[in-house]
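Working notes for the structure below.
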Amino acid sequence: MELKTKYQYSYFIYPYYIEKEKYDKYILKLLKDKKCKFKVFEKEKDLDIYNYFLPNIRKYMFPTFELRDEKLKEFNSFSLDKKKKYIAKQTVSYFNYELAEDIQGKVGNENGIFFKIDNIEIVCFNTGICFIVIKTNMENSNNFSDLLDFNYRFKEINSEFSSLKNYENIKIQTSSFQDMTDIKELINQITGISISNSNSEISSSHFFTFSYACLESDNWNDKTSFEYLENDFLKYVNVLPRNYSSDFDKTNIEQNLHVIEKFKYHKTGITKNSVSLMCSGIDTYNYTKLPYEYENQILYIYLICLYKKMYLRKTNLEFKNYDKTVKLKDNFIRFTKEVWESEISADDTGIKFYKTIHKTLELEDQYEEISKKYEIVYKDLNIEKNNIYYSIIVILLIFSLMFNTINIIFLMYFL
């Protein structure tokens with residue numbers, strides 16, 4: 001039986017890095033772009049986000065919650081340069097990138113899959129680590145297999161070698177963009193970095209995928225065993241196409257997969273490159289409130305974890321520059337206090353997602369590796385420092401001995 005979706009959307013998240021000394025200029029570039037609008041979170045409008053996150057992480061991730069009333073009026077009256085300085089100091093800044101209305105896309109030529117880009121958001125941490133977050137949904141198909149093909153194809157469109165790959169005639173075209181190379185160009189325009197010049201050691205050319213799919217109740221109910229859906233679920237969470245061999249090695253795939261089951265008809269698979277929720281329309285909550293909570297709460301948890309991943313990777317690479325170690329440690333301590341040690345939420349589901357994503361991305365191991373490196377480097381620095389102190393003391397002792405010897409000789413022969 002062909003699986004059908006009742007409602008679905010997919011976010012594609014692209015990470016990139018702006019050098020620290022260029023970050024202010026990059027913020028100014030976004031402010032000057034007429035398509036970019038600085039986003040201010042409002043307690044009344046974004047109450048669910050405000051209540052969901054604990055104060056410390058909320059202050060870090062959504063600093064504009066404090067930009068209210070007179071402060072907001074004052075900010076709006078700032079000159080462009082003053083706005084740039086204010087925004088660049090914020091721990092995290094958000095920009096909405098406004099597209100033309102009714103931007104649609106198509107996967108395939110004749111009977112293709114039409115999709116819509118609902119929103120593009122730019123998320124910038126003041127460490128220079130940024131993300132482009134693109135929300136899409138299919139428009140003319142409710143076939144789950146089409147969603148598999150769409151997610152599989154879209155996640156690689158920014159790859160330098162995407163045009164060389166065989167996608168089984170899965171092609172993407174849009175009414176506003178001639179083809180998906182225009183989306184690659186749009187990403188280059190937003191980031192200011194071409195794919196060929198991007199730092200692949202810190203970022204990546206592919207997207208992280210954050211997807212929601214609610215199946216029709218006929219596909220998943222009391223009379224349907226999840227075993228019949230398992231292959232499709234594994235393809236979905238691993239962002240694989242419909243024609244991927246159904247006899248794949250589940251053991252190998254499941255080693256890198258963690259599954260959260262909140263309710264009977266609700267499963268979320270988490271891999272190193274994706275978070276994918278599958279649920280059934282048999283429960284009205286699954287297609288009414290859940291999709292809103294998933295993209296307004298869990299998505300931000302995922303962004304926090306992806307930020308940690310990128311920050312730790314960047315810090316690890318910077319150990320190659322031994323001279324910067326002292327400054328790097330100060331930044332690492334700040335990261336630890338502001339982000340690493342902060343509790344995320346009082347919500348049990350949020351805590352579970354946070355811990356599971358942490359485990360899947362192996363963040364604890366990366367953090368421990370860096371901590372050990374700092375310990376070793378600082379021992380070396382302290383040894384060098386002590387050796388310098390000892391050398392200075394020896395030199396002073398020698399000078400002192402020479403002075404005393406000369407003084408004694410002078411006293412003996414001239415007095």
Side-chain angles (χ1 to χ4, degrees), residues 3 5 7-15 105 107-108 112-113 115 117-118 131-138 141-172 180 183-184 187 203-215 229-260 267-279 291 294-295 298-299 301-303 305-306 309-310 353 356-357 359-362:
L3 297 183
T5 59
Y7 181 59
Q8 52 69 37
Y9 58 73
S10 295
Y11 281 83
F12 297 94
I13 305 168
Y14 174 69
V107 179
I113 305 166
F115 71 96
I117 297 178
D118 285 332
F131 300 92
I132 297 176
V133 184
I134 303 173
K135 182 183 180 182
T136 66
N137 63 66
M138 296 191 305
S141 173
N142 64 347
N143 292 330
F144 185 76
S145 57
D146 285 338
L147 178 63
L148 295 178
D149 285 345
F150 173 70
N151 284 353
Y152 168 69
R153 178 64 179 93
F154 200 105
K155 73 168 184 175
E156 295 288 349
I157 61 171
N158 204 44
S159 168
E160 186 176 358
F161 306 104
S162 61
S163 60
L164 304 178
K165 294 184 178 181
N166 179 10
Y167 287 105
E168 300 82 29
N169 294 321
I170 302 169
K171 298 179 181 178
I172 297 181
M180 293 315 281
I183 290 188
K184 290 176 67 172
I187 291 171
S203 60
S204 175
S205 62
H206 72 82
F207 289 97
F208 292 97
T209 307
F210 181 87
S211 190
Y212 162 93
C214 181
L215 300 180
L229 307 175
E230 188 176 19
N231 280 336
D232 288 298
F233 177 72
L234 289 175
K235 291 177 188 178
Y236 177 54
V237 300
N238 286 282
V239 199
L240 298 169
R242 76 174 82 190
N243 61 359
Y244 191 86
S245 175
S246 60
D247 60 353
F248 49 68
D249 185 354
K250 289 186 201 175
T251 304
N252 183 48
I253 282 183
E254 289 173 351
Q255 283 178 350
N256 298 312
L257 169 68
H258 293 90
V259 178
I260 294 176
K267 289 180 184 286
T268 306
I270 300 172
T271 71
K272 283 182 168 51
N273 297 301
S274 66
V275 176
S276 307
L277 186 155
M278 177 189 281
C279 60
Y294 185 60
E295 66 179 335
I298 306 304
L299 176 60
I301 289 177
Y302 190 38
L303 282 173
C305 292
L306 287 179
K309 174 186 175 75
M310 306 312 295
F353 265 96
T356 306
I357 296 172
K359 182 178 179 181
T360 308
L361 297 179
E362 300 175 344

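Keep in mind the model is a prediction, meaning the values are calculated, not measured.
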With heavy-atom distances below 4.5 Å as the criterion, would you say the side chains of [X] and [Y] are in contact?
X: Asn238; Y: Tyr244; result: no
X: Leu234; Y: Leu257; result: yes
X: Leu303; Y: Val133; result: yes
X: Ile270; Y: Phe353; result: yes
X: Tyr11; Y: Phe207; result: no

Contacts of [X] that satisfy side-chain hydrogen bond (donor to acceptor under 3.5 Å, both in side chains) - sequence neighbours left out:
X: Thr271; value: Ser274
X: Ser145; value: Glu2, Arg242
X: Tyr236; value: Ser211
X: Lys309; value: none

Using 0.5 Å steps for rounding, measure from the [atom1] atom of [X] to the [atom2] atom of [Y].
X: Asn151; Y: Asp146; atom1: CG; atom2: CG; result: 11.0 Å
X: Asn273; Y: Thr209; atom1: CG; atom2: OG1; result: 7.5 Å
X: Leu3; Y: Leu148; atom1: CG; atom2: CG; result: 8.5 Å
X: Ile298; Y: Phe210; atom1: CD1; atom2: CZ; result: 6.5 Å

> Angle class for the Phe12/Phe154 ring planes (parallel below 30°, perpendicular above 60°, tilted otherwise)?
Replying inline: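 Plane angle under 30°, so parallel.
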> Which word best sums up how the rings of Tyr9 and Tyr294 line up, parallel for under 30°, tilted for 30 to 60°, or perpendicular for over 60°?
Replying inline: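 The arrangement is tilted - the two ring planes meet at 30° to 60°.
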>> Just to verify, what does Phe131 make a ring pair (Phe, Tyr, Trp, His ring centres under 6.0 Å) with, not counting sequence neighbours?
In response: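 So Phe131 forms no ring pair (Phe, Tyr, Trp, His ring centres under 6.0 Å) with any residue.
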> side chain to side chain contact (heavy atoms under 4.5 Å, CB included) with Lys359: which residues, sequence neighbours excluded?
Replying inline: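 Residues passing side chain to side chain contact (heavy atoms under 4.5 Å, CB included) with Lys359: His258.
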> Under the criterion side-chain contact (heavy atoms from CB on, under 4.5 Å), which of Ser10, Ser276, Cys279 is the partner of Tyr212?
Replying inline: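 Single side-chain contact (heavy atoms from CB on, under 4.5 Å) partner of Tyr212 among Ser10, Ser276, Cys279: Cys279.
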